[in-house]
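Scroll down for the structure; my scribbles are underneath it.
As a basis for the values below, the full set of heavy atoms in this structure was taken, side chains included, without hydrogen atoms, waters or symmetry mates. Just so it is clear: chains get the letters A, B, ... in the order the sequence lines come, proteins before strands, and each one is counted from 1.
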2 protein chains.
Amino acid sequence: MDKLLSEVLERIKPSPEEKEWELSIAESVKSKLRKIIPRNVELEIVGSVAKNTDLRNDRDVDLFMLFPKDTSKKELVSKGLRYAKRAVSPNPWRIGYAEHPYLKAEIEGCTVEIVPSFKILNINERASAVDRSPLHKRYILSRFDERKCDEVRLLKKFLKRFGVYGAELKVEGFSGYLCELLIVCYGSFTELLKNASNWRSPAIDIERYHTEKGMREKFKAPLIVIDPVDRNRNVAAAVSAISLSKFILASRAFLRRPSKGFFFADETEFSRKELAKKMRGRGTKFVAVVFPTPKVVPDILWPQLKKAAVSIVRHLELAEFKLFGYDYWSDEDKRCVILLELSTHTLPAVRKAVGPAIIYEKDVGSFIRKHKNAIGGPHVEGDKVVAVEQRKVTDALELVKKMTKKPASYAIPSHISKSMKRAYLLVDEDILNENFDEFLNSYLSTKEFFIDNLI
Amino acid sequence: MDKLLSEVLERIKPSPEEKEWELSIAESVKSKLRKIIPRNVELEIVGSVAKNTDLRNDRDVDLFMLFPKDTSKKELVSKGLRYAKRAVSPNPWRIGYAEHPYLKAEIEGCTVEIVPSFKILNINERASAVDRSPLHKRYILSRFDERKCDEVRLLKKFLKRFGVYGAELKVEGFSGYLCELLIVCYGSFTELLKNASNWRSPAIDIERYHTEKGMREKFKAPLIVIDPVDRNRNVAAAVSAISLSKFILASRAFLRRPSKGFFFADETEFSRKELAKKMRGRGTKFVAVVFPTPKVVPDILWPQLKKAAVSIVRHLELAEFKLFGYDYWSDEDKRCVILLELSTHTLPAVRKAVGPAIIYEKDVGSFIRKHKNAIGGPHVEGDKVVAVEQRKVTDALELVKKMTKKPASYAIPSHISKSMKRAYLLVDEDILNENFDEFLNSYLSTKEFFIDNLI
């Protein structure tokens, strides 16, 4: 095991040259900024580079501008961005949005994020969400040596392999800071995995701020990890049940038969022809709703896309169609797709309306009045009155079309709603002509790579 | 109302001539028997003729041979039948079966049932189920005058109109004696209907043998009516929830707008062409399982037929097909039919197998082992492991065929099981070529005739 992990580390740890190069870029931006900003604004490199927990080829530096606490939020943002733009020019940059805007510059192939924030020494002074980062950095640095940094790197790479690294709403997985805290808690990658293998509703509170019961009542989430610098925050709030489940299962699988496959993927090849064969073989009905990506940041796009898919599925099921599965995808730029796989996509012309129990005289009267021209009945079944009536929608495709035309009436979120009006539908193998191959393949080839280890 | 009911009575009450004729036949059989049987066996006319609650054209007389209590059951049956055969000869007769055999003779167009039983004065002496009948007769006669007899006649005819008169298992409705007790309890037909309109879990104990609570605990049935001559018996045990519901609804409907339609039906005409159109219009799949009627009495045939239909439906639903409805029918002689109407009769080639929650390590291992060659997965969904596997049966017809070939493996009751092996299947309009028109029409035209009264 040790040999395996050190071989992996050799491939994932940034080389001294990469490190030096990254820091030199950060330092050059920093010194340019230093000349621009007032004396009372401090500069600090934070994030995984500063904590020495970054992966090879990440090429991503976070530089914080720490303004005095008495600065107004408006001033912080406007001044901060102005300074940042001047400092990175003439390199290309764009504005990113978290709780407030920040600047994202591309400098010699390295992404430098310059984030204006307030300088705080204690969490109670916190005025914006990003203010915690320097405190996180100090907490981790005070507890980490070189070995622990490497354990974090192993964990990050491991999580990436099955798609649960990152707290963004697209992933709903483990943030970098969460990885660091898990290593603080368990000491090493393998020790963490041994524990995670047996996790049932895990709740971790390194600084013992809460009672077990109090913690579980306050934080309702599949995984609870209390932030050592902020007792009121669950660092793992973004981790979904499915991400946690995958981590537990992968931990078990890795410990049974450790291999490099848990860190590095073979390129899997698949052809459109194979996908077509797979789709045909299932005998289900595939419907893809394709529409332009609304112009919103990913952390708004993905949850809205998810909610839209769930709404469509729910309305199909309400109309008594049966879903085999569904998924959604976007290139975050031009196109979004909601993929529906139906086991029942056509229904008979009639449906059975089940009315009230016959003892409820008034309700029975209303039901009979409503169904007096029913195709069959009203008649008695068991202790209820029922009627056979015409079904409104017998074809799922028709209903999906209807939903794309009036998305707002079907609880589709605002941004998706607007662009869904320009949606078009693709059915079965026609879906293959639109370059969603990778997405389709991930939907059809769901077997987790580590699953055979669990036998 | 009074005018309406007396007009109905005029049409349903046996004429004095019919009465006289029936009694003369009964008396002639009785006097023939009297010459044959020993002195210690008594003869008694019981049933609706004796209680004067019979309907016009019933032509049905019950004659009891009352043997001394010290007779053995075997002797009672063998001697009883021997005497009866001799007495009715040369008229045609056959053996009927209740708890024990009895003789059913056709004499001048009148059915005479000669039933051997034990003579008892008190219910505690009872040795066979039929022994109660003379006690019932005495109880009713002691409480009835001519008017009450007529009220019973109205009730019987009313119940017949919507098919809930008779305690036999084919009907699961109201026996003649139950009708009489309901009139004893409520005094008149309309008074009964007024009460029944508002019934919720009715429980009637005329002789107040039980506490309300004790009665409900002892007898679990939609309708409870304690037998005044046997406190341990619910006279209404045969009444199903649906029969009771129909009675309640019809009572309400009649009181709102009384009419002769509640006693006499118009002949409804329908053509095979209309039935075909109705079937097509529903867009469902009709499958009829046709097989020879097993040689058993109706009270065994009907519950077995019902159980067989329910079993087939249950197995179809287990295989994820969707039933719109079902029904069963027999001419009690040559053919039985189980009619299935499916809203989903074909399914995709795949199904989703949902496995255990991932926290159950051992179960997860077994599930993965079992599905290691699955078409999709095993993978994680929510907190569970699932797999996409080949579906065993994708066509409902195929499964029905399989069931008819091995009925015993699908919990089809014994007698049906044997003859179902000779079953053949009919689909959709082909069903119309086999003279089940009346049955099909009753399945498709379910609207209760009185339903519009309830608006």
CZ-CZ distance between Phe162(B) and Phe449(B), expressed to the nearest 0.5 angstrom: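 Answer rounded to 0.5 Å: 6.5 Å.
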Would the distance check show the side chain of Asn234(B) and the main-chain N or O of Leu223(B) forming a donor-acceptor pair, the cut-off being under 3.5 Å?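 Indeed, once roles are kept as given, a pair shorter than 3.5 Å links the two residues.
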Examine distances only and state if a side-chain atom of Asp383(A) and a backbone atom of Ala241(B) form a donor-acceptor pair shorter than 3.5 Å.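 Side chain of Asp383(A) to backbone of Ala241(B), a donor-acceptor pair under 3.5 Å: no, none is there.
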Heavy-atom pairs under 4.5 Å with chain B, option from Thr284(A), Ile358(A), Val385(A) with the top count: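 Ranked by heavy-atom pairs under 4.5 Å with chain B, first place is Ile358(A).
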Between Ile359(A), Leu454(A), Leu444(A), Asn198(A), which has the largest tally of heavy atom pairs under 4.5 Å with chain B?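 Ranked by contacts with chain B, first place is Ile359(A).
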Heavy-atom proximity to chain A below 4.5 Å, by part of [X]:
X	result
Arg252(B)	side chain
Lys322(B)	side chain
Thr344(B)	side chain
Val386(B)	neither

In this structure, which one of Tyr165(B), Phe174(B), Phe254(B), Phe262(B) forms a ring pair (Phe, Tyr, Trp, His ring centres under 6.0 Å) with Phe247(B)?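 Among Tyr165(B), Phe174(B), Phe254(B), Phe262(B), the one that satisfies the ring pair (Phe, Tyr, Trp, His ring centres under 6.0 Å) with Phe247(B) is Phe174(B).
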Among [options], who wins on heavy-atom pairs under 4.5 Å with chain A?
options	answer
Val388(B), Asp452(B), Thr394(B)	Val388(B)
Glu320(B), Lys285(B), Glu361(B)	Glu361(B)
Gly283(B), Pro378(B), Ala349(B), Ser343(B)	Pro378(B)

Would you say Glu172(B) and Ser243(B) are linked by a side-chain donor-acceptor pair, where the criterion is simply a distance under 3.5 Å?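 Ser243(B) vs Glu172(B): no donor-acceptor pair found between side chains.
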Lys278(A) side chain to Ser445(A) side chain, donor-acceptor N/O pair below 3.5 angstrom: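 Yes - a donor-acceptor pair under 3.5 Å links their side chains.
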Does the structure place the NZ or CZ of Lys306(A) under 6.0 Å from the centre of the six-membered ring of Tyr328(A), at an angle of no more than 45° from the ring's axis?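 No, Lys306(A) does not lie over the aromatic ring of Tyr328(A).
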Region of Lys370(A) in contact with chain B, defined by heavy-atom distances below 4.5 Å: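 Lys370(A) has no heavy atom closer than 4.5 Å to chain B.
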